[in-house]
Number of protein chains: 2
Amino acid sequence: MEIRERLARNLRRRREANNWSQEEFADRAGIHRTYVSDLERGRRNPTITVVEKLAKPFGVTASEMLA
Amino acid sequence: MEIRERLARNLRRRREANNWSQEEFADRAGIHRTYVSDLERGRRNPTITVVEKLAKPFGVTASEMLA
DNA sequence: CTGTGACTTTTAGTCCGTC
DNA sequence: AGACGGACTAAAAGTCACA
């Protein structure tokens with residue numbers, strides 16, 4: 001699943017760029033810690049509203065998270 | 001739900017630009033006709049793999065469908 | 001051709017952990 | 001700090017008959 005990989009890499013890259021742990025990011029994004037872990041490993045197929053939540057702490061759009 | 005609206009409009013706009021009925025587009029995308037109807041009215045919260053399916057017939061990326 | 005309600009199956013997403 | 005598992009609930013996937 002190509003697109004999941006792309007999201008996974010974007011997420012991890014941006015989170016590490018901000019020096020946030022998965023847990024800290026999860027809190028900021030309002031999602032669960034274990035879910036962030038799964039997403040970064042491309043194990044999940046999130047909905048677009050979740051992608052929007054992921055985008056918010058970075059101040060980017062959902063579209064950019066999938067680019 | 002902001003992002004669902006954005007997807008809905010992009011989808012309808014692009015489908016009509018190609019002069020495809022919902023049914024014809026559904027066939028091309030490999031999803032059900034009524035699901036397309038729901039999506040264009042913002043009634044569904046699709047996963048990113050569905051967004052990818054929607055993007056394919058237009059030859060664009062999933063990211064562009066959410067832009 | 002498209003909208004809609006109802007429906008069943010599948011999976012998204014949470015929460016408890018351990019390694 | 002993060003990977004990973006099990007069990008659970010909420011919601012999405014996917015389809016249909018009919019307006």
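As the structure is a prediction and not an experimental result, all values here were calculated from the model. Per chain, numbering begins at 1; letters A, B, ... match sequence-line order.
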Trainee: In whole angstrom, give the distance that lies between atom CD of A:E23 and atom P of C:dC16.
Mentor: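 After rounding, the reported distance stands at 12 Å.
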Trainee: Please tell me if the side chains of B:F58 and B:M65 come closer than 4.5 Å, counting only heavy atoms from C-beta onward.
Mentor: yes
Trainee: Could you tell me how far apart A:L39 (CG) and C:dA12 (C1') are, to the nearest whole angstrom?
Mentor: 10 Å
Trainee: For the helix from C:dT2-D:dA19 to C:dC19-D:dG2, measure the angle between the helix axis at one end and the axis at the other, each built from five pairs, rounding to 10°.
Mentor: 40°
Trainee: Using whole Å, report how far NE2 of A:H32 lies from C1' of C:dC16.
Mentor: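 That distance rounds to 8 Å.
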Trainee: C:dG3 phosphate, OP1 or OP2: any side-chain N/O from B:R12 under 4.0 angstrom?
Mentor: yes
Trainee: Using heavy atoms to find the nearest nucleotide of DNA chain C for B:S21 and B:N45 separately, return the residue whose nucleotide is more 5′.
Mentor: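 The residue mapped nearer the 5' terminus is B:S21.
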Trainee: B:Y35 OH to C:dT11 P: how many Å, rounded?
Mentor: 13 Å
Trainee: For B:Q22 and for B:T47, locate the closest nucleotide of DNA chain C by heavy-atom distance; then report the residue assigned to the nucleotide nearer the 5' terminus.
Mentor: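 Looking at the nearest nucleotide for each, B:Q22 comes out on the 5' side.
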Trainee: Name the first nucleotide and the last nucleotide along DNA chain D (5' to 3') that come under 4.0 Å of a heavy atom in chain B.
Mentor: D:dA12 to D:dC18
Trainee: Let's see if you can work this out: which of C:dA12, C:dT4, C:dT2 has an atom nearest to the side-chain heavy atoms of A:R44?
Mentor: C:dA12
Trainee: Do you know which two heavy atoms are closest between A:P57 and A:W20, and how far apart they sit?
Mentor: O-CH2, 3.5 Å
Trainee: Would you mind reporting whether B:V50 and A:I48 have side-chain heavy atoms less than 4.5 Å apart?
Mentor: no
Trainee: Atom CG of A:L7 to atom P of C:dA12: distance rounded to whole Å?
Mentor: 13 Å
Trainee: Using a heavy-atom cut-off of 4.0 Å across all strands, would you classify A:V50 as base, sugar-phosphate, or nothing?
Mentor: sugar-phosphate
Trainee: Grab the CD1-C1' distance between A:I48 and C:dA12 for me, whole Å please.
Mentor: 14 Å
Trainee: Kindly check if the number of other-residue, nucleotide or ligand heavy atoms within 6.0 Å of CZ (A:R41) is above 12?
Mentor: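 Yes, the 6.0 Å shell around CZ holds more than 12 heavy atoms from other groups.
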Trainee: Checking side-chain hydrogen bond (donor to acceptor under 3.5 Å, both in side chains) against A:D38, which of A:R33, A:R44, A:R43, A:H32 comes through?
Mentor: A:R44
Trainee: Which atoms form the tightest heavy-atom contact between B:Q22 and B:S37, and what is the distance?
Mentor: OE1-CB, 3.4 Å
Trainee: Working note: B:T61 + B:E64, criterion side-chain hydrogen bond (donor to acceptor under 3.5 Å, both in side chains); need CA distance, chi angles, decisive distance, verdict.
Mentor: CA-CA 5 Å; B:T61 63; B:E64 287 177 87; 3.3 Å; yes
Trainee: Determine the minimum heavy-atom distance between B:L39 and B:P46, stating which atoms define it.
Mentor: CD2-CG, 3.7 Å
Trainee: Describe the nucleic acid contact of B:R43 in one word from base, sugar-phosphate, nothing, applying a heavy-atom distance below 4.0 Å.
Mentor: sugar-phosphate
Trainee: Decide yes or no on salt bridge (charged side-chain N to carboxylate O under 4.0 Å, His left out) for B:E52 and B:K56, but give the supporting numbers first.
Mentor: CA-CA 6 Å; B:E52 200 170 39; B:K56 228 157 223 175; 5.6 Å; no
